[in-house]
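So the structure is just underneath, and the comments pick up after that.
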Amino acid sequence: MPVIAVIGAQWGDEGKGKIVDMLAEKARYVVRFSGGDNAGHTVVNHLGQFALHLIPSGIFSPQTTCVIGNGVAVNPDVLLKEMNQLNQRGVDTSRLIISDRAHLIMPYHVLLDNLEEKLRAARAIGTTGKGIGPAFADKAARLGIRAGEIIDVDGFRERLRVILDYKNAILERIYGTAPLSFDQIYRQYSEFGKILKPYIRDTSDMLLGLRPDEMVLLEGAQGALLDPDFGTYPYTTSSSCLASAGSLGSGICSNKVTGILGVYKVYCTRVGGGPMPTELKDETGDTIRETAHEYGTTTGRPRRCGWFDAVAARFSSRINGFTRIALTRLDIFDAFPTLKICTGYKLDGNVIDYFPASVSALERCQPIYEEIPGWQSSTKNIRKYEDLPLKARQYVEKLANIANCPISLICVGPERDQTIEVRPIL
Ligand code: IMP
């Protein structure tokens, strides 16, 4: 049975939601395996436009079971609101299952995320403020509370008591803020437990009984350059965004993963702080932002926009092991007379072609550009690769060479059908 990971290859927001929504039509399971409601997956399909944060983008396909895997941090309040919103618009969420091992985002995580950001002042990470960092820190510190625990009321009471005492000491003594009420959190999360109980279970047995033709999609969140190990640390998120996290965060062992689809935008964007060598703080950057409406799905913040970064793209492909790539938002460049690709960096007077581990080095990197002529005609209605203008084909082939990986899909608009299938994903 094919198990395919769909991975953001840049700093997130590459358009994974659209790709997963499209591929989910043929999938038996779609599994979110990392991140939390910091993710914002925009999906436009026959039912309308949706912004998903926690629920896998396969929820619109009636035959697909959607799984929130053990690697995700779940804010139950956000999840229930998202489920209600979908239900109100006629989308059935009864096929959702939540791993009993998924960690929960608690009210103190959200509070601490925002207090920590204030403390970082000029060096703020620019987090989404959703409590993601503190929740994954607690997971590692063994102070986390998992989804399976809120359906065991007595066990939950005992753990919350110990953890909240500790969190309140931090809130009061370090930040000088008011402590949180045990009773309120206990009542609220016990209630969440009651409502979510039918959805919470061991999800690691997904492959049992799957037919050989049934597909599993592992839906990535954020992007490889926000990965805490390989991204622009400390300006990263707090759970792994790489393909290798797909098996760990879902419970599907790594030798079952048969394909890794890397999703690249044909330019770069980034939200929040941290280095971005090709960022354009000029009219061209504004044109990309306004043409593509590059504003955060989760926070509404304007995204930083820039040219395609080949150094970062090659690095990302290598650490993920992409077997195919998808290129999104090609149509955004339809009117551009020339395009640029960053082929190397100038660092302290030397030309380098690798992605430095140190952010201070990356902050000093100046992009070296190759100029490429634009195609200056609309690609929005093109559905066959051979019908793309020659210059557009030359541009995407260049990107495929950089990623050292064959192209499977090219997106020329937000709608499901605004997609060119160059070759199958496997
Ligand atoms: P956090 O994940 O909320 O802690 O934020 C850490 C960094 O990751 C910040 O720069 C965020 O803007 C960025 N980030 C988190 N989730 C996403 C996403 O889904 N798309 C793009 N950037 C994200």
Next on the checklist: Can you tell me which residue among Arg289, Arg301, Glu290 is in a side-chain hydrogen bond (donor to acceptor under 3.5 Å, both in side chains) with Tyr295?
Outcome noted: Glu290

Next on the checklist: Tell me which pairs pass salt bridge (charged side-chain N to carboxylate O under 4.0 Å, His left out) where either residue lies in residues 41-66, with sequence neighbours left out.
Outcome noted: none

Do [X] and [Y] have a side chain donor and acceptor closer than 3.5 Å?
X: Ser181; Y: Asp183; answer: no
X: Lys18; Y: Thr419; answer: yes
X: Thr269; Y: Arg304; answer: no
X: Gln49; Y: Thr42; answer: no
X: His103; Y: Asp138; answer: no
X: Arg270; Y: Thr232; answer: yes
X: Asp113; Y: Thr127; answer: yes
X: Thr298; Y: Asn38; answer: no

Item to check | Summary of side chain to side chain donor-acceptor pair (under 3.5 Å) pairs that have at least one residue in residues 307-324, sequence neighbours excluded | outcome: Asp309-Tyr345

Checklist entry - Would you call the rings of Phe355 and Trp11 parallel, tilted or perpendicular if under 30° counts as parallel and over 60° as perpendicular? => result tilted

Next on the checklist: Parallel, tilted or perpendicular, judged at 30° and 60°: which one describes the rings of Tyr189 and Phe192?
Outcome noted: perpendicular

Say whether, by atom type as modelled, one donor and one acceptor occur between the side chain of [X] and the main chain of [Y] under 3.5 angstrom.
X: Arg28; Y: Leu210; value: no
X: Glu219; Y: Gly17; value: no
X: Gln63; Y: Ala24; value: yes

Next on the checklist: If you take the centroid of each ring, where Trp contributes its six-membered ring, are Tyr186 and Phe156 closer together than 6.0 Å?
Outcome noted: yes

Are the charged groups of [X] and [Y] less than 4.0 angstrom apart, N to O?
X: Glu116; Y: Arg120; result: yes
X: Asp100; Y: Arg201; result: no
X: Asp13; Y: Lys265; result: no
X: Arg364; Y: Asp348; result: yes

Item to check | Axial cation check for Tyr267 ring with Arg329, 6.0 Å and 45° limits | outcome: no

Checklist entry - How long is the span from the CD1 atom in Ile55 to the CD1 atom in Ile68, to the nearest 0.5 Å? => result 6.0 Å

Item to check | For Arg159, side chain to side chain contact (heavy atoms under 4.5 Å, CB included) partners two or more places apart | outcome: Ile145, Glu149, Ile163

